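Reading through the structure tokens given below for one structure.
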Amino acid sequence: MFEYERSLPLGFKEFSIIRKDGYTVRDVSYLSPLGGEVPAYLVVPNKEGQSFPAVVFLHPGQGNRATFLSEAEDLASKGIISLLIDAPSMRKAPPQDLSQEQELTLIVEGVVDIQGYIQTVVDLRRGIDLLSSFENVDSERIVYVGHSLGATWGGVLAGVDERIKAYVLMAGFSSVSKWHKTSEHPLAVLIRNMLSGEQFNKFITELEPLDAVHYIKKAAPASLFFQFSRNDEFISKDQAKTYYTVASAPKEVAWYETDHLFTACDTAYRERMQWIMGQLGLDSYNPIQPIRKKE
């Protein structure tokens with residue numbers, strides 16, 4: 001499902017550059033093997049003649065490529081390149097002046113878009129191709145950071161692509177199909193109510209093979225760092241514990257007193273950044289002492 005023709009042109013385009021103190025933010029795109037262009041930001045340290053490690057970011061469903069931009073800028077100041085993409089679901093502007101029923105229909109259509117989920121993983125893999133094509137990227141030192149949507153499909157990526165050295169997975173689903181079948185969250189209830197029984201069963205049948213639980217156990221030798229919220233309206237403790245338990249080692253997990261979006265959670269941000277630095281073997285890494293289980 002997640003294979004594609006790597007010999008296809010990358011179609012890399014650069015639209016604008018914003019120069020900042022020590023780095024640049026580039027508005028770019030590249031071609032998706034499954035059609036269309038992938039909008040992205042490329043954040044690059046302003047240093048010549050060096051090979052930099054890199055981080056690939058994918059936002060939560062409530063966000064976009066700008067969600068992690070401040071973190072990418074922080075990493076750039078430490079000598080790390082970042083690629084931040086828009087998931088396929090964020091690439092089309094919604095029509096204007098829709099009725100409430102039409103808006104709900106669009107929401108449902110987006111949620112049950114199986115091909116969009118597959119394309120998300122393929123576009124991430126293509127982003128790794130893009131980074132690896134740059135002379136100033138050390139393709140042996142690439143880390144992935146994903147939140148919610150990004151953590152769910154990042155878990156799938158971990159099982160199908162061996163080029164990522166380490167993964168930070170924030171508030172991801174181990175089984176999004178199980179959530180759709182059992183959750184009482186208003187969005188899950190809406191999907192079940194708006195689809196016929198036949199449509200819902202078809203959706204679940206197509207979705208189950210994409211559950212991260214099937215892939216995260218194949219992530220080794222990549223290192224994994226799971227970050228979960230104790231007050232998450234989407235990710236149950238059972239989903240979180242299953243994700244961590246099934247995952248291959250080496251792995252770590254940390255829990256935080258925050259919400260699904262990790263609002264104002266400086267501890268999670270600090271630990272995430274320090275863990276990335278440690279995985280990349282950078283001198284500025286300072287060991288941290290979080291309360292978490294390590295294997």
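Counting from 1, the numbers follow the sequence of the chain as shown. Quantities reported herein were computed from a predicted structural model and do not represent experimental measurements.
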| message | Determine whether Leu169 and Phe228 satisfy the following criterion, side-chain contact (heavy atoms from CB on, under 4.5 Å), listing intermediate values before the conclusion. | response | CA-CA 9 Å; Leu169 302 175; Phe228 292 112; over 6 Å; no

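The aromatic ring centroids of His185 and Phe234 lie less than 6.0 Å from each other. Under the 6.0 Å cut-off for aromatic ring centres, Tyr144 and Tyr167 qualify, their centroids lying closer than that. For Phe12 and Phe134, the ring centers are positioned less than 6.0 Å apart.
Residues forming a ring pair (Phe, Tyr, Trp, His ring centres under 6.0 Å) with Phe262 (at least two apart in sequence, or on another chain): His147, Tyr256. With sequence neighbours excluded, the residues that form a side chain to side chain contact (heavy atoms under 4.5 Å, CB included) with Arg6 are Tyr4, Arg125, Arg126, Asp129, Asp161, Arg163.
In this structure, Ala212 and Thr152 approach most closely via the heavy-atom pair CB-O, 3.5 Å. Leu75 approaches Phe57 most closely through the heavy-atom pair CD1-CZ, 3.7 Å. Heavy-atom minimum distance, Val156 versus Leu210: CG2-O, 3.3 Å. Residues Val145 and Arg272 come closest through the heavy atom pair CG1-CD, 4.1 Å. Residues Ser132 and Ser139 share a closest heavy-atom pair of OG-CB, 3.7 Å. Across every non-hydrogen atom of Leu149 and Ser89, the tightest pair is CD1-OG, 4.4 Å.
Of the possible polar contacts, none joining the Lys20 side chain to the Val25 backbone as a donor-acceptor pair under 3.5 Å is found.
More than 12 non-hydrogen atoms from other residues, nucleotides or ligands lie less than 6.0 angstrom from CG of Asn231. More than 12 heavy atoms of other shown residues, nucleotides or ligands fall within 6.0 angstrom of atom CD in Gln199. The environment of Glu198 atom CD is sparse: at most 12 non-hydrogen atoms of other residues, nucleotides or ligands sit within 6.0 angstrom.
Here Asp238 pairs with Lys178 in a salt bridge; the nearest charged N to carboxylate O distance falls below 4.0 Å. With salt bridges taken as basic N to acidic carboxylate O contacts below 4.0 Å, one links Glu208 and Lys181. Electrostatic pairing of Glu184 and Arg192 counts as a salt bridge here, judged by a charged N lying under 4.0 Å from a carboxylate O. Lys202 and Glu206 are joined by a salt bridge, as a carboxylate oxygen and a charged side-chain nitrogen come within less than 4.0 angstrom of each other. With respect to Lys165 and Glu140, no salt bridge is recorded, no charged nitrogen being found less than 4.0 Å from a carboxylate O.
No hydrogens or angles considered: a donor-acceptor pair under 3.5 Å links the side chains of Ser175 and Asp211. A donor-acceptor pair shorter than 3.5 Å cannot be found between the side chains of Asp123 and Tyr30. Looking only at atom types and distance, the side chain of Trp275 has a donor-acceptor partner in the side chain of Glu252 under 3.5 Å away.
A single hydrophobic cluster is seen to contain both Trp153 and Val122, as judged by linkage of ILVMFWY side chains at heavy-atom distances under 4.5 Å, directly or through other members.
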List the atom pairs, donor and acceptor, that lie under 3.5 Å between side-chain atoms in residues 109-118 and the rest of the protein, sequence neighbours left out.
| from | atom 1 | to | atom 2 | distance (Å) |
| --- | --- | --- | --- | --- |
| Asp113 | OD1 | Gln115 | N | 3.4 |
| Asp113 | OD1 | Gly116 | N | 3.1 |
| Tyr117 | OH | Val111 | O | 2.4 |

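Relative to the six-membered ring of Tyr244, Lys251 meets both conditions, a distance below 6.0 Å and an angle of at most 45° to the axis.
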